[in-house]
Amino acid sequence: MVAGHLSEKKGYYYAVLNYKDYTGKRKSKWVSTGLPVKGNKRRAEKILADIKRDFVPEEPKRIEANMLFSDYMESWLNIIKGSVAVPTYSSYSEIVNKNIIPYFRERKITLQGLTAKDIQAFYLHELQRVSASTVIHYHANIHKALKYAVKIDLIEVNPADKVERPKRKQYVGSFYDANEINALFEAAKGTKLELPILFGAFYGLRRSEAVGLKWDAIDFENKTISIQHTVVSTKVDGVVTDIARDRTKTKSSCRTLPLIPACEQMLKKMQKEQALNRKVCGKDYCTDYLDYIYVNPMGRRIRPNFLSQHFPEFLTAHDMKRIRFHDLRHSCASLLYANGVSLKEIQEWLGHSDISTTSNIYTHLDFSSKVSSANAIVSIFPENTKV
């Protein structure tokens, strides 16, 4: 059903239509009546009624087996739009529209004519300019889209099943040891980066989790902190937008941890500062983010991209080893492992859904533990063989 009303713009009447498209998304459309506002309200109302009567919302392209694969990928994006989270859809859309569609549209390959050889050629073409990890993301989108095509009987088999994915190079990040972490804590005191650095290194919080911390997640009485809300940046219709969600990366990422004295002290200090800033700024203070901990002096929530931009600048300014903000999480795990904390406990502390993730990423980090293992193994040999 199409709803509508008249609106004035630059001295003319416009019919504003409100409706839901085929994905269920609410949209609006402005249509000029061509009538000046003065003395034309009744005529404009009649035109509005005619426009509402004749308006037909856009329909999705008909999906057919003989359509171009590039057109099918566009249709698939529209189909999944209402069933996945906004950041997920944004990621799919970016990959499909910027990389997959242009390549296959140029070659005019149809959905039914698409072969494993065609897909493999695309991967080899892309590997000349992007990493294996990026191509693996392309593969995930193509495979998922073709799986749907099989499901609705457009094609009999999924050609992406026969393709060899490139092998992802194992990531070996840079990590801070205990001395470097302590130096980082000291340098960050009193700066805008103090909270995310402390929570990133001690609790292993992801960027989205640090920015998404809310006051109701802190239980000062029972000394706990709950990780249950995130804020991520993503592109929506070409515009970078922050998406706040009462959910974490995985179900296991939602966790409750003990509130250590250093963090409690900092949080209470921030609570007082925010109350003072609100009082001083008065009406100019932004009240949209009162629930959030990580805000600027004017009350606006700190954006996730702030950390990506300013953390490396901070390290350079203090002549510290360059690492990514996410490497604080890895450093946290490495230090826990080096101090005898089990993989299972590290998994729960960091909120990994699968212990294999913890094992694969972190067990190779602490060389001192390998030295201890080597000494244990050679303990049956003479003393001078020890590492």
Side-chain angles (χ1 to χ4, degrees), residues 21-27 58 60-61 63 67-109 111 114 118-149 158-160 163 165-169 171 206-212 230-245 247-250 253 301-309 311-312 324-326:
D21 66 9
Y22 56 88
T23 67
K25 185 176 180 180
R26 189 170 293 281
K27 288 190 172 184
E58 180 186 358
K61 289 181 181 177
I63 300 179
M67 73 191 306
L68 290 177
F69 177 58
S70 54
D71 290 341
Y72 169 73
M73 290 301 294
E74 278 187 341
S75 298
W76 175 73
L77 281 176
N78 286 328
I79 289 166
I80 66 166
K81 190 170 186 178
S83 61
V84 297
V86 172
T88 303
Y89 175 79
S90 175
S91 174
Y92 288 174
S93 180
E94 186 89 359
I95 289 172
V96 171
N97 285 314
K98 285 193 173 181
N99 304 284
I100 299 174
I101 285 178
Y103 176 90
F104 285 98
R105 178 161 285 155
E106 183 180 336
R107 288 155 182 80
K108 295 182 170 57
I109 298 171
L111 172 62
L114 183 71
D118 295 324
I119 300 172
Q120 197 79 66
F122 169 60
Y123 294 168
L124 292 173
H125 176 271
E126 292 298 294
L127 282 170
Q128 296 177 38
R129 65 179 193 87
V130 298
S131 69
S133 294
T134 300
V135 173
I136 289 171
H137 285 306
Y138 297 171
H139 176 78
N141 280 261
I142 289 174
H143 188 275
K144 189 168 184 177
L146 291 173
K147 185 177 179 181
Y148 179 76
N158 186 340
V163 177
R165 297 189 314 163
K167 295 194 181 296
R168 180 189 278 116
K169 289 183 180 179
Y171 171 75
R206 301 175 178 91
R207 182 182 70 162
S208 60
E209 294 170 343
V211 174
T230 57
V231 177
V232 298
S233 287
T234 189
K235 275 190 177 180
V236 178
D237 298 326
V239 179
V240 177
T241 305
D242 292 345
I243 305 294
R245 302 179 295 177
R247 53 176 288 193
T248 49
K249 184 177 180 182
T250 66
S253 297
R301 187 178 60 206
I302 302 294
R303 305 190 69 180
N305 289 344
F306 174 86
L307 297 185
S308 301
Q309 178 183 348
F311 182 66
R324 306 171 307 166
F325 180 80
H326 196 76

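- Across every non-hydrogen atom of Arg206 and Phe325, the tightest pair is C-CE2, 4.2 Å.
- Between Glu74 atom CD and Asn97 atom CG the span is 6.5 Å, to the nearest 0.5 Å.
- Residue Arg165 comes nearest to Ile136 through the heavy atom pair NH1-CG2, 3.5 Å, listed as atom of the first residue, atom of the second, then distance.
- When all heavy atoms are compared, the tightest approach of Pro159 to Leu146 is CG-CD1, 3.8 Å.
- A donor atom on one side chain and an acceptor atom on the other are found under 3.5 Å apart for Ser90 and Thr234.
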Q) Can you list the steps and then say if Arg245 with Val86 is a side-chain contact (heavy atoms from CB on, under 4.5 Å)? A) CA-CA 10 Å; Arg245 302 179 295 177; Val86 172; over 6 Å; no
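- Panel note: side chain Glu94, backbone Ser91; no donor-acceptor pair is recorded below 3.5 Å.
- At a threshold of 4.5 Å between non-hydrogen side-chain atoms, the residues Glu126 and Thr134 do not count as touching.
- Between the CG atom of Leu111 and the OG atom of Ser70 there is a distance of 10.5 Å, given to the nearest 0.5 Å.
- In this structure the side chain of Leu307 reaches within 4.5 angstrom of the side chain of Val211, judged on heavy atoms.
- Tyr89 places no side-chain N or O within donor-acceptor distance of the main-chain N or O of Asn78, the cut-off being under 3.5 Å.
- Taking CD1 of Ile79 as the reference point, atom NZ of Lys81 lies at 13.0 Å (rounded to 0.5 Å).
- Taken from CG in Asn305 to CZ in Arg207, the straight-line distance is 5.5 Å, to the nearest 0.5 Å.
- When side chains are defined from C-beta on, Val231 counts as touching Arg301, because their heavy atoms get closer than 4.5 Å.
- Side-chain contact between Pro166 and Leu127 is present, with heavy atoms from C-beta onward closer than 4.5 Å.
- The minimum heavy-atom distance linking Tyr92 with Lys144 is given by the pair OH-NZ, 3.2 Å.
- Residues Phe69 and Ile101 are not in side-chain contact: their nearest non-hydrogen atoms beyond the backbone lie 4.5 Å or more apart.
- Taking CD1 from Ile100 and CD1 from Ile95, the interatomic distance works out to 6.5 Å, rounded to the nearest 0.5 Å.
- Using bins of under 30°, 30° to 60° and over 60° for the plane-to-plane angle, the ring pair His143/His139 lands in the tilted bin.
- Contact record, Ile119 with Phe104: CA-CZ, 4.4 Å, taken as the closest heavy-atom pair.
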Q. Which is it for Lys98 and Ser93 under the side-chain contact (heavy atoms from CB on, under 4.5 Å) test, yes or no, and what are the steps along the way?
A. CA-CA 8 Å; Lys98 285 193 173 181; Ser93 180; over 6 Å; no
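- Side-chain contact check for Val135 versus Phe122: every heavy-atom pair is 4.5 Å or farther apart.
- Salt bridge status for Arg105 with Asp71: present, with a side-chain N to carboxylate O gap under 4.0 Å.
- In this structure, His125 and Tyr103 have tilted ring planes: the angle between them lies in the 30° to 60° band.
- The aromatic ring centroids of Tyr123 and Tyr138 lie 6.0 Å or more from each other.
- To the nearest 0.5 Å, atom CD1 of residue Ile302 and atom CG of residue Asp242 are 11.0 Å apart.
- The closest side-chain heavy-atom distance from Thr230 to Ile243 is not below 4.5 Å.
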